[in-house]
Number of protein chains: 2
Amino acid sequence: MPNARSVVVFDAFGTLFDVHSAVARNAASIGPASVHLSEIWRAKQLEYTWTLSLMGRYEPFWRLTERALDQALARSPEVDPVVRDTLLTSYRALDAYPEVPGTLARLKARGARTAILSNGDEAMLADAVASAGIGGAFDAVLSVDRVRVFKTDPRTYALVEQEFGCGREDVLFVSSNRWDVAGAVAFGFEAAWVNRAGVPDEYADLAAAMVVGTLDAIR
Amino acid sequence: MPNARSVVVFDAFGTLFDVHSAVARNAASIGPASVHLSEIWRAKQLEYTWTLSLMGRYEPFWRLTERALDQALARSPEVDPVVRDTLLTSYRALDAYPEVPGTLARLKARGARTAILSNGDEAMLADAVASAGIGGAFDAVLSVDRVRVFKTDPRTYALVEQEFGCGREDVLFVSSNRWDVAGAVAFGFEAAWVNRAGVPDEYADLAAAMVVGTLDAIR
């Protein structure tokens, strides 16, 4: 275990908040296609962040989230599209993972500064932390909307340095998204990969300093 | 149908060459997981092109193709990893779609200049066109390796202008990858989307001028 860093930064969607909970919560009305629908929704959301960033055609994450859901529904003709509004409403109040409040309290107790760095726009992040009741636990909630490009562009990770006036070596970056860990490591942060599902590692040249099963291991 | 353009540029993998043919050709030895394996392989290959491009960490497409297959195999424990070398060898000699030679012959007959613009590195592209016997049909085979960044970065599409000394308005860009069509349209090319599978449209702000079922419609 490396030394404790003075600034601990969390990715939001997938890391603090379960992105599949929006669909899971409505699985009964969606039917057996719900898992596949949720996977397409997430995959398309990420594809759009990357391809539009490379084009220099940034659009806010909420708009991409809506479009990705539209594509997922169009590819799932067995799902009644009437669920669209319900799913989008659920996405504004995703479940936080159960160990999130305890993890944040522990970090504050040892004097760490804490932040979110997310692809989500400001309004999405405000809704997410409010509905999870964890808004008070962060020193900063940083959206890539400030630089109008998505992760893994280095300008997004640089927001942390700018916010805290710290060096890259002061930061532990925590994400469940392996590509996000890779981007943070490429930028110069130490990173922890939250691998809840126990999937195989990738991005071997951009390795996580820690691989953990839940946020309980983040100290 | 818009006016015929003087330069017609094709994406390679997925458009001229069937990327799933490497797995399909070996489906009997892979077993029932072969379709899923091929989908993960392709999805990871694309993810790596986008996330590494945004990091400024370009690596040649062949290396990413190998890593993506390793990840796909690691996620498919029911598949014997001994197929790895066979699949990689097959990827160097993918099937061209059957209408490719006729399409290229028609374009040459009307005096169009033709090119490939691909994420593939030079050696991959040389192998692909040689094994399909279509190398003589192109005025240029352009790899993004020249600019060390992947599509949808505009520097990749700019290679066409530089090669032919033409304007953007002289180019018809043809791709089966909807995100590639979007990137080409954002750059200023007219684009045709080859939608063989009849999947729903996306990237509404970056629309294709033509949506075709096969390359036969490209004139």
Side-chain angles (χ1 to χ4, degrees), chain A residues 36 39-40 42-59 63-64 66-77 81 119 144 147 149-157 177-188 197-206, chain B residues 36 39-40 42-59 63-64 66-77 81 119 144 147 149-157 177-188 197-206:
Chain A
H36 190 57
E39 285 172 358
I40 302 173
R42 177 65 170 165
K44 283 291 169 183
Q45 183 193 45
L46 293 176
E47 174 191 320
Y48 299 161
T49 65
W50 296 323
T51 59
L52 292 176
S53 288
L54 283 171
M55 290 177 214
R57 292 249 181 173
Y58 174 84
E59 297 201 41
R63 191 155 167 72
L64 303 188
E66 290 178 315
R67 288 185 180 172
L69 177 57
D70 288 336
Q71 177 67 198
L73 287 168
R75 289 183 182 224
S76 308
N119 274 341
V144 304
V147 285
V149 71
F150 290 104
K151 301 170 179 178
T152 56
D153 188 294
R155 288 169 285 178
T156 62
Y157 302 104
N177 297 298
R178 189 61 186 83
W179 51 267
D180 190 17
V181 167
V185 170
F187 183 73
V199 297
D201 200 10
E202 48 191 331
Y203 295 98
D205 298 342
L206 299 163
Chain B
H36 190 56
E39 286 172 357
I40 302 174
R42 176 65 171 167
K44 284 291 170 184
Q45 183 192 46
L46 294 176
E47 175 191 318
Y48 298 161
T49 65
W50 296 323
T51 60
L52 293 175
S53 288
L54 283 171
M55 291 178 214
R57 293 249 181 174
Y58 175 84
E59 298 201 41
R63 190 155 167 72
L64 302 188
E66 290 178 313
R67 289 185 180 173
L69 177 57
D70 288 337
Q71 176 67 199
L73 287 168
R75 290 184 182 224
S76 308
N119 274 340
V144 303
V147 285
V149 70
F150 290 103
K151 301 172 179 177
T152 52
D153 188 293
R155 287 169 286 179
T156 63
Y157 302 104
N177 297 298
R178 188 60 185 83
W179 50 268
D180 190 17
V181 167
V185 170
F187 183 73
V199 295
D201 199 10
E202 49 192 329
Y203 294 96
D205 298 343
L206 298 163

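No hydrogens, no waters, no symmetry mates; every other heavy atom, side chains included, goes into these values.
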Report, in residue-number order, which members of residues 49-56 of chain B are under 4.5 Å from chain A by heavy-atom distance. W50(B), T51(B), L52(B), S53(B), L54(B), M55(B)
Cut-off 4.5 Å, heavy atoms of chain B, and the answer for K151(A) is backbone
Side chain from CB out, backbone as N, CA, C, O: work out which of these in D180(B) comes under 4.5 Å of a heavy atom of chain A, or both, or neither. neither
Just verifying a value: how many Å separate E47(A) CD and R178(B) CZ, rounded to the nearest 0.5 Å? 10.0 Å
Could you check which of W179(A), F187(A), Y48(A) has the highest count of heavy-atom pairs closer than 4.5 Å to chain B? Y48(A)
Assert top hit (heavy-atom pairs under 4.5 Å, partner chain B, pool T156(A), D201(A), V199(A), D153(A)) equals D153(A)
Which bit of A68(A) is near chain B, if near means a heavy-atom gap under 4.5 Å: side chain, backbone, both or neither? neither
Between L46(B), D205(B), V149(B), the one whose heavy-atom pairs under 4.5 Å with chain A are most numerous: D205(B)
Go through the atoms of L206(B) and report whether side chain, backbone, both or neither lie under 4.5 Å from a heavy atom of chain A. side chain
Just wondering, do T152(A) and R57(B) contact through their side chains at under 4.5 Å, heavy atoms? no
Apply side chain to side chain contact (heavy atoms under 4.5 Å, CB included) to P200(B) and list each qualifying residue two or more places apart in sequence or on a separate chain. Q71(A), A74(A), R75(A)
